[in-house]
Amino acid sequence: MRLIKHIYPLGGVLFMAIFKGTTGKQLRIFLERKECIIEEVNQDVYEKYIGGIGYGTKILYDELEPGIDPLGPYNKLIFSTSPITLNKVPGGGSIILCYKSPLTNGWGDARCGCNFGPDLKKAGLDHVIIEGRSETPVYICINNGKVSFKPADHLLGKTVSEKTDQIRNDFEGKKVSVMCIGMAGENKVKFASVMSEGRAAGRTGAGAVMGSKNLIGIAVTGTNEIKPADPEKFIEACKRAFKVIKENPTSEGFRQFGTIGDMPDNDETGDFPTKNWQSNSWGKGAALFDYFQTNNFVKAFGCYTGCPVQCGRLAKVDRGKYKTPLHDGAEYETMSVFTAFVLNEDVDAAVHCSFLCNEFGVDTISCGAVIAFAMECYEKGLLKEDDVDGLDLTWGNAEVLPTLIKKIANREGIGNLLADGVKIASKKIGKGSEKFAIHVKGLEGPAHDPRSGKALAITYAVGNRGMCHIQPLESMAYDKGKMDWGMIKFGVEDPKGFEKWEEKGKGKNIKILQDGLKLPDILSTCKFMMYTGLTLDHWADMLSGLTGINIDGRKLLRIGERVTNLQRLFNMREGFTRKDDTLPTRVMNVPLFGKYKDEPDCAIKNLDAMLEEYYEARGWDKKDGIPKETKLKDLGII
Amino acid sequence: MGDNIILCYKFPLTGGFGDARCGGDFDSPSTIHLCLKCRTMETFSMKVYLKPTCVLVEYFGTEIQEIELPSHGNVRELLVEIDLKWGAELPASIWNREKCEFRGPIFLITNKKILNNLETKLDDEQKIEILKVMVGG
């Protein structure tokens, strides 16, 4: 492989692409030598996998050796866009990071809503692939044709905001997008995030991968303009999409209430994991939401320039021991894990925790989950006062939360144990703690409960990155919330025909929904656009107008299926088997308290049967969940 | 009391004590309503049709509900009527009795437009949907 420093011509067209409307270039960085090369993007990969996690999955599957240490030099970190990762596309302000996860040792990806993706394109690049490890801490600046490696010793130990401001100063007033890690990433906390302007590429430990490479930040700016293959068609497709979103009431829902708007109803409907999943409802959701709306919420916020939905919340705490400056945070997941998960009723404390996680660069979900786990260990006497540095980990003790977050980010004391996630922490603690370490494949469960809508049991069990509610699919939105995301056209049954606690018949629908809802991640766009009315056909129209390729919703669905299967192969190669497609027993049982404690029907009765139905729909072996050769050939994977 | 009627209640707008006196002829107590604007009693002269959708049928029923309002009825008045009719049974997850409003992303929609402004005047026989959206994440 050639190892040269390369300065590519600004706006130059180095190849005639089938895919127009892209830069056609990717930057491969070799950190140990502080060198980089520009490569042409592989057109075959583009056609079959497009971009985002599609492109990332293919590259990592081809280039990573199985069994490598995710925190070693041979892991690769990809910053990936797609052709429509553009500010003028609804949801186009986005970037997807792909890597082998240090938290799960399997497939890892994390999406961040921000201007980084579009700005990467303006810098003349579709993807950045980072290899190796720098001997000393560095950050990378990509400025319209020029790549430079800057020493980052002075940034160590600083918060994400401080790092961002200092890196930004290097660009002398230019509009620049920065992604960086916090102390958590520096200390290789296994659920460290990569942050951009208060937004997180949160789950599965991208920040730890970046920290393991001694890469503290990466900044991009540029003036490259993408020229659509068919400008009129592209503009019309975007206009149609914006109109659909504007007219959809869900957009207004997002804007007025943010994701935290679902908190009261989730609590009511048993979709609110409480006290480390001992229950699925608490009875305090409405009060918590009301307090936030009245005392903490300032205004709606879009995470990237041009967002038509503005689901973000600018929030603050004006006074008191949890005084917190105005910041972008307080998502539903974050607020839930720092309230219901740990039985904390102090909303100010939860908002403060959200801010700290952003500043330290920690995934809020995993952080809240591991603290809840620790609280249960403490309650049961598995962790004593000495084990937890004299802290009081009683349920509901709000004061201990900020201290624990800081300890986790810095791997201090008890924080060092918790920084590896619940799976490893429970192995080290032992004494039966594994029973209440709530994770699948090592990824801690988020604030949605399959006992509210059992389709979620399938997606949690089989999720390629673990117990994830959004990647690719919020399944309880299907059988409980009756959403179909425009997928009935592609064979999904009308959700109104399902009861939320039914188990039969959901597997085959989840298969199609997963493939479809994978597309925003493949297109490196915001999935909420599909909640506000965009369908696969809308994405296809924009993609066609931009790139000149002939594509429709059905072809996109097939690409979604292809990526799902390839990620499955990636995980199988890393040693994951059918036995890893499971759920913690606690999550399947009737809740121990709360509204649903006397509702035996909410328990997951036969996960195996649900999974068999799902595997069959996927064309995988019904018993062991291995993709059949016929399916892989059909998808063009082999 | 003669021809006068005094009603005492918890006033939705303030959460405090409310009372209204009225005199005159009335067909039956069921046609007596409190008009918030005038703070007088009058026989309401217009109606709107409320259609609950999706999961809200669980609380409001599947039928279209006829709601009587004063002639100058607006969104605020409609919310008060919703509270009077269903407020006691609606769970706190969707209805805020203190503020007499829906809690979270639940909207009144007419002609594809969300009725965000409480002062928006409603028309006689106007059809209004109640829609709950999911703002997942």
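Side chains included, hydrogens not; waters and symmetry mates left out as well; all remaining heavy atoms used. The sequence lines fix the lettering, A, B, ..., with proteins before strands; numbering per chain opens at 1. Every value quoted in this text rests on a predicted model; they were computed, and no experiment measured them.
With contacts defined as side-chain heavy-atom distances shorter than 4.5 Å, the pair A:M483/B:M134 qualifies.
For chain B, the option among A:C311, A:G258, A:G481 with the highest count of heavy-atom pairs below 4.5 Å is A:G258. Of the listed residues (A:K482, A:E252, A:H448), the one with the most heavy-atom contacts under 4.5 Å to chain B is A:E252. Of the listed residues (A:I470, A:D290, A:D267), the one with the most heavy-atom contacts under 4.5 Å to chain B is A:D290.
The number of heavy-atom neighbours closer than 6.0 Å to CD of A:E502, taken from other residues, nucleotides and ligands shown, is above 12. In this structure, B:N111 places its CG atom where only 12 or fewer heavy-atom neighbours from other residues, nucleotides or ligands lie under 6.0 Å away. Residue-environment remark: NZ (A:K243) stays at or below the threshold of 12 foreign heavy atoms within 6.0 Å. Atom NZ of B:K85 is surrounded by more than 12 heavy atoms from other residues, nucleotides or ligands within 6.0 Å. Within 6.0 Å of atom CD in B:E63, 12 or fewer heavy atoms from other residues, nucleotides or ligands are found, so the atom counts as exposed in its surroundings.
Counting all heavy atoms, side chain and backbone alike, A:T259 lies closest to B:G136 at CG2-O, 3.4 Å. Contact record, B:P105 with A:G253: CB-CA, 4.1 Å, taken as the closest heavy-atom pair. Contact record, B:A92 with A:A286: O-CB, 3.8 Å, taken as the closest heavy-atom pair.
At distances below 3.5 Å, at least one donor-acceptor pair connects side-chain atoms of A:D262 with backbone N or O atoms of B:V135.
Neither the backbone nor the side chain of B:K113 comes within contact range of chain A; no heavy atoms are under 4.5 Å apart. Within the 4.5 angstrom heavy-atom criterion, no atom of A:M263 approaches chain B. Contacts between A:Y531 and chain B at a heavy-atom distance below 4.5 Å involve the side chain alone, from C-beta outward. Heavy-atom distances place the backbone of A:K480, and not its side chain, under 4.5 Å from chain B.
Atom CD1 of B:I94 sits about 11.5 Å away from atom OG1 of A:T269, to the nearest 0.5 Å. Atom CG in B:N116 sits 4.5 Å away from atom CD in A:Q256 (nearest 0.5 Å).
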